[in-house]
Amino acid sequence: MSRFKNLFTALAAVVLGLLAGAVFMALSGSNPLAGFYYLFRGGLMNMERIGNTLASATTLVFTGLAVAFSFKTGLFNIGASGQMLMGGLTATAIGLSVQMPRMILLPLIVLAAAAAGALWAAIPGFLKAKFNVHEVVATIMMNWIAYWTVYYTIPAYFKGTFLETESRRIPALASFRVEWLTNIFRGSYINMGVFLALTAVIVIAIILEKTTLGFELKAVGFNRYAAEYAGIHVPKNIVLSMSISGILAGLAGATYYLGYAVNMQIGVVPSAGIDGIAVALLGANSPWGVLASSLFFGILHSGKGFMNAMTKVPPEIGDTIIAIIIYFAATGVLFTRLWERITRKWNKEA
Amino acid sequence: MEYIVEMLHITKDFPGIRANDDITVQLRKGEIHALLGENGAGKSTLMSILFGLYRPDAGVIKVRGNEVAIHNPNVANALGIGMVHQHFKLVHNFTVTENIILGMEPTVGPMLQTRDAAKRIKALSEQYGLNVDPDAKIEDISVGMQQRVEIIKMLYRNAEVLIFDEPTAVLTPQEITDLMQIIRNLIKEGKSILLITHKLKEIKAIADRCTVIRRGKVVDTVDVADVAESRMAEMMVGRTVNFTVDKRDQERGEAVLSIRNLNVLSSRKTQALKNFSLDVHRGEILGLAGVDGNGQTELVEALTGLRKVESGSILFKGRDITHDDIHSRVMAGMAHIPEDRQKRGLVLDYTMEDNFILEIYGREPYSHKGFLNRKAIRDHAEKLIRDFDVRSGQGALSMGRTLSGGNQQKAIVGREIDHDPELLLAVQPTRGLDVGSIEYIHKRLVEQRNNGKAVLLVSLELDEIMDLSDRIAVISHGELTGVKLPKETNESEIGLMMAGIAGAGGTE
Ligand SMILES: Nc1ncnc2c1ncn2[C@@H]1O[C@H](COP(=O)(O)OP(=O)(O)OP(=O)(O)O)[C@@H](O)[C@H]1O
Ligand SMILES: [Mg+2]
């Protein structure tokens, strides 16, 4: 029942977002049908494009899951960007300085990045649990600390050969890209992260739905007083929930900087951290919903350049559509009402 | 006869249940009309429809003879209909005035203008004898005063028809007396009132007519003066109700709980319990009587581990648990029916089956190595729902939020009794229950005691304490004023002790 409701809300938001996009395209003097044709073509037209769409989606799955998981447990982690940066920095540091067989090196990088993300999120979790500092404030501050940490660490220790503002190139040994995958998708950015992301979706879905851990975390999220009454240790669960959320964001960093990209640049807050909020919202905070909405946003991301090249539609239209969809997903109550009205009518007639 | 409100042939369906089935209720101008019905009969739903919170699936509502469509509470307000809900809807860190003007804030230009509002609130408060301070914060005032804020909120919006959904369930006996007077004042000023209550005495005392509802259908509407209380109860549950508790005499066993010189602070850091000592024995129901706010809440929270103890000790089954965490106390065999069912007792956004394992999800068979066993959880829920007659649309899968207030309460009581605890801390266990359910819950509490378990019963209702208890302890200002045997005392002596005057002789 509520699952259909969520699906309906999400689809309605998408449709309305696309419609609004069509209006903007028409206003900018282009044919909306052509615009959408090239937008989706750009995301899906050949194996390389599909690979890029999946690669964009990979990062969004991780950050979307990070936000959704925190939401489900009553917290609002908007620090996915910072956790992603720290995960990425840790991964880059290891990738550039450690020599090991790949079979050991890659898992090591994954674990280290997860730990870094977890730590970066656990600090706001601890501040919330212990001193009731709101996690939104704390995670934003942690974002900036991460930003400046990267800003100074990369030039100081991992400076590129030509540019001060980015790290050296990640050696093939430490890269998440693998030849067979790159070959299938004709040289796209796709990498092993895609499998890691799928695994994360499954693991998070299992934690939330099937385990006592998920039972505790959600209970704390819905009603911390009742959780406390029941003997659930609320502060511990807040820190734990933030840590798991941080692990996911940390993995986003590892797969992004060592898979999607080829090095790490300074002075950039990765937008995927914020986009994760949109992904979680549209996916109704369910892991499978996050997967679906990441793919959708992935198409928009990788298609908008092509649309711009083929038509006069400015690439910002893609972002406008995303923004409008977020808006409608956030005001989803309206659609829920509509859904209820429809089902009521339908029931009456039946 | 002139009707101010008529609800004609109202039907309302929720998933899995028809909450209102062709219900007709007509409110005369200037009358107090009671709604009586079992938990889950559909009373709150019907009133929510009148207040615009739900749309009926069928039926007609007329106000002052005109057919109306009440789409939302604003329409209800405009029609002069106001409601005090079963669970209050106030913003806790706002003042009384701010809460009352919420949604219709008076402004001068872009600025909020509260001075006139506060003046008007003061005037209304005096006119109806409500005694409300417009500048107090909600979190600092008693439940009784919060309710009076809700009443002013209605009057401030010029309501003519006032709906009260179980107003007395949360009040102390003194506050109930005050409320009855307030309701009479309201009638004197020309208001009409719809009153939901499970307390037949109250209906007898102030209502003119009473509509009895059973499982969503109207049984009858009667003139209260013509019908005995027992007959009303019978109409409501469909069988005769036994108002007295059967309890065989029995020797009590050893002390399972020993409280020694306990000192506990309240949330406002005042001394809530002072050198409090008390034993609770196996095989007894110990009733704790007292005026609300005299340390009962803090005592129970200290016993369960929800509140820190400043000094003194708590021995449970001979072991010092003063500093144990909540979980280990639960595991050691302590269960707790909390005072506030929606704050502590339930996760409203969990299904009932998940609520039933709130404390025991970690035990076999409900989980194994960290994984939940859905089948065992479902079976457990179905057993409790059957045993305690918890009614809802979708059984084990109903969301906690969708249950009627009384059924939420039954679910919590059932869950806690089902743990078969060595010590049951039962705070207002029958709050909001219909007479039939009260009878059943009382029976189950006595059964615990008969099986050699201990029950600490905290209740504001002296009747309940007198009927159920083997011994009665009285608390006043955080101190124990004395312990009495029910057959050696009476309500007036207990009343004096509640006021802090120690009982003469015969103290246990
Ligand atoms: N929002 C809802 N969604 C689904 N079912 C609901 C909802 N609200 C009420 N119900 C169901 O409708 C029935 C009537 O509920 P209602 O709250 O009107 O009972 P009530 O007569 O007020 O009972 P009580 O005396 O316990 O307060 C119950 O079975 C309840 O589970
Ligand atoms: Mg009710």
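Computed from heavy atoms alone, side chains included, the values below leave out hydrogens, waters and symmetry copies. Naming convention: chains lettered A, B, ... in sequence-line order (proteins, then strands); numbering from 1 in each chain.
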Which pair of heavy atoms, one from B:Val347 and one from A:Ala226, lies closest together, and at what distance?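 The answer is CG2-CB, 4.0 Å.
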If I compare all heavy atoms of A:Ala121 with all of A:Pro124, which pair ends up nearest, and what's the gap? O-CD, 3.1 Å
[X] versus chain A, the contacting section by heavy-atom distance below 4.5 Å:
| X | value |
| --- | --- |
| B:Ile360 | neither |
| B:Asp354 | both |
| B:Arg374 | side chain |
| B:Asp349 | both |
| B:Leu358 | both |

How would you list, in number order, the residues of residues 60-74 of chain A that have a heavy atom less than 4.5 Å from chain B? none
Hey, do the aromatic rings of A:Phe76 and A:His134 have their centres closer than 6.0 Å?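 Between A:His134 and A:Phe76, which both carry aromatic rings, the centre distance is not below 6.0 Å.
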cation_pi(B:Lys410, B:Phe388) dist<6.0 Å, angle<=45: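 No.
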Checking A:Lys218 against A:Phe215: charged group under 6.0 Å from the ring centre and within 45 degrees of the axis? no
Is it the case that over 12 heavy atoms from other parts of the model lie below 6.0 angstrom from the NZ atom of B:Lys137?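 No, the 6.0 Å shell around NZ holds no more than 12 heavy atoms from other groups.
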Would you say B:His327 has more than 12 foreign heavy atoms packed within less than 6.0 Å of its NE2? no
Of the listed B:Asn355, B:Val330, B:Leu306, the one with the largest count of heavy-atom pairs under 4.5 Å with chain A is B:Leu306
Output the residues of residues 331-342 of chain B for which the shortest heavy-atom distance to chain A is under 4.5 Å, in residue-number order; output 'none' if no such residue exists.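 Listed by number: B:His336, B:Pro338, B:Gln342.
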Whether B:Arg329 side chain and B:Asp324 backbone form a donor-acceptor pair below 3.5 Å: yes
Under a 4.5 Å cutoff for heavy-atom pairs, which residue among A:Asn223, A:Thr212, A:Ile206, A:Leu213 has the most contacts with chain B?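 Maximum pair count with chain B is reached by A:Thr212.
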Quick one about A:Asn77 and A:Ser245 (side-chain donor to acceptor, distance below 3.5 Å, no hydrogens or angles considered), yes or no?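 Short answer, yes.
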For B:Tyr350, enumerate each residue passing the side-chain hydrogen bond (donor to acceptor under 3.5 Å, both in side chains) test, keeping only those at least two apart in sequence or located in another chain. none
Partners of B:Gln146 by side-chain hydrogen bond (donor to acceptor under 3.5 Å, both in side chains), sequence neighbours excluded? none
Go through the atoms of A:Ile207 and report whether side chain, backbone, both or neither lie under 4.5 Å from a heavy atom of chain B. neither
Identify the residue among B:Lys308, B:Gln296, B:Arg307 that makes a side-chain hydrogen bond (donor to acceptor under 3.5 Å, both in side chains) with B:Glu301. B:Arg307
Could you check whether the rings of B:Tyr366 and B:His380 sit parallel, tilted or perpendicular, using 30° and 60° as the cut-offs? tilted
